[in-house]
Amino acid sequence: SFYFVGTHVSRPTFTDTDVEVDCIDSAGVRCWSFGSAGVSYNPFDLGGAGHHDEIPFRITYFANALYVVGATDVGVSTVDYAAFTFKLDASTGLGVPEFGNESSVLGLFTANYNTPGTGSDVFYDVVAYAPSAGSLRVVMVGDITQADGYPLGIVRSLDGQTAAADFFI
């Protein structure tokens, strides 16, 4: 299967941009068991209804799971995005409930390193791997906006099963 990520604009109001994750098989046909059965798209509203946009940047597959990273509008001001990592089951397209720190969306981990309303945080890339038997790590690379307005590069590692913090540099 081939998985891809993009954006989905809400209708009929066109006021909210959400993450959309889709799957096609080796013949180029939609994976009908992935996501909402019988629906030709699989959107996720990570930031809540209204003007809370999500910007996905990368998707990766590892051990029958998908990890999507990007930024989600936390709604405090026009410059306040939190970095996110969203874990989905690669077979069903559903959020993995054991992963994340957000109770409103299963499988969602968000990180807002700035004082709300002062800057944006984003994860641009992600890799998942098993450093040893029985363990799983997810490492994201991105940046945070510092108080002076300039970005600072970050590397964040999480436990791939639960999203418990591993390291942050």
Side-chain angles (χ1 to χ4, degrees), residues 1-8 16-23 31 34-35 42-48 52-76 79-147 150-169:
S1 297
F2 175 74
Y3 301 94
F4 53 100
V5 65
T7 56
H8 174 86
D16 193 21
T17 303
D18 300 326
V19 171
E20 182 172 332
V21 181
D22 289 301
C23 170
C31 305
F34 184 82
N42 198 29
F44 297 94
D45 191 358
L46 304 180
H52 297 274
D53 294 334
E54 288 85 47
I55 306 166
F57 284 99
R58 181 83 63 199
I59 187 170
T60 194
Y61 172 92
F62 186 78
N64 200 41
L66 301 170
Y67 297 89
V68 178
V69 295
T72 182
D73 182 356
V74 293
V76 175
V79 295
D80 199 17
Y81 280 80
F84 76 80
T85 303
F86 185 40
K87 181 179 180 179
L88 297 96
D89 181 293
S91 298
T92 66
L94 301 176
V96 175
E98 299 81 19
F99 185 88
N101 61 357
E102 297 289 335
S103 60
S104 59
V105 179
L106 297 180
L108 179 62
F109 170 83
T110 60
N112 196 351
Y113 302 107
N114 294 300
T115 303
T118 63
S120 294
D121 306 319
V122 61
F123 292 140
Y124 292 111
D125 208 351
V126 59
V127 64
Y129 67 101
S132 60
S135 68
L136 178 62
R137 293 284 179 263
V138 181
V139 179
M140 294 82 58
V141 177
D143 63 45
I144 61 176
T145 304
Q146 301 179 97
Y150 290 99
L152 174 68
I154 59 170
V155 177
R156 179 74 191 255
S157 175
L158 302 174
D159 178 293
Q161 301 295 339
T162 65
D166 188 12
F167 67 81
F168 174 78
I169 52 174

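Side-chain atoms are counted along with the backbone in the values below, which use heavy atoms only and exclude waters and symmetry mates.
If you take CG on Asp143 and CD1 on Ile154, they are separated by 7.0 Å, rounding to the nearest 0.5 Å. Taking CG of Leu152 as the start and CD1 of Ile144 as the end, the distance is 5.0 Å to the nearest 0.5 Å. From Asn101, atom CG reaches atom CG of Leu108 across 7.0 Å, with rounding to the nearest 0.5 Å. In this structure, the separation between CZ on Phe123 and OG1 on Thr72 is 12.5 Å, given to the nearest 0.5 Å.
By the salt bridge (charged side-chain N to carboxylate O under 4.0 Å, His left out) test, Asp89 is found to be paired with no residue, residues two or more places apart in sequence or in another chain being considered.
When atom types are taken as modelled, the side chain of Asp18 and the backbone of Glu54 share no donor-acceptor pair closer than 3.5 angstrom. In this structure, Thr85 contributes its side chain and Phe109 its backbone to no donor-acceptor pair below 3.5 Å.
Ring orientation note: the planes of Phe34 and Tyr3 are tilted relative to one another, at an angle of 30° to 60°.
Leu66 places none of its side-chain heavy atoms less than 4.5 Å from the side chain of Lys87. The shortest distance between side-chain heavy atoms of Tyr81 and Val122 does not fall below 4.5 Å. Residues Val138 and Phe62 have side chains not in contact (no heavy-atom distance under 4.5 Å, counting atoms from C-beta outward).
Here the shortest heavy-atom pairing between Val126 and Tyr67 reads CG1-O, 3.9 Å. In terms of heavy-atom proximity, Leu88 sits nearest to Val96 at C-CG2, 3.7 Å. The shortest non-hydrogen separation linking Ala82 to Asn112 is CB-CB, 4.0 Å. Taking both residues in full, the closest heavy atoms of Tyr61 and Ala90 are given as CE1-CB, 3.5 Å, listed atom of the first, atom of the second, then distance. Nearest heavy atoms, Phe57 versus Tyr124: CB-O, 3.7 Å. Taking each heavy atom of Pro56 and Gly6 in turn, the nearest pair found is CG-O, 3.2 Å.
Counted by atom type alone, Glu98 and Thr162 present zero donor-acceptor pairs between their side chains at under 3.5 Å.
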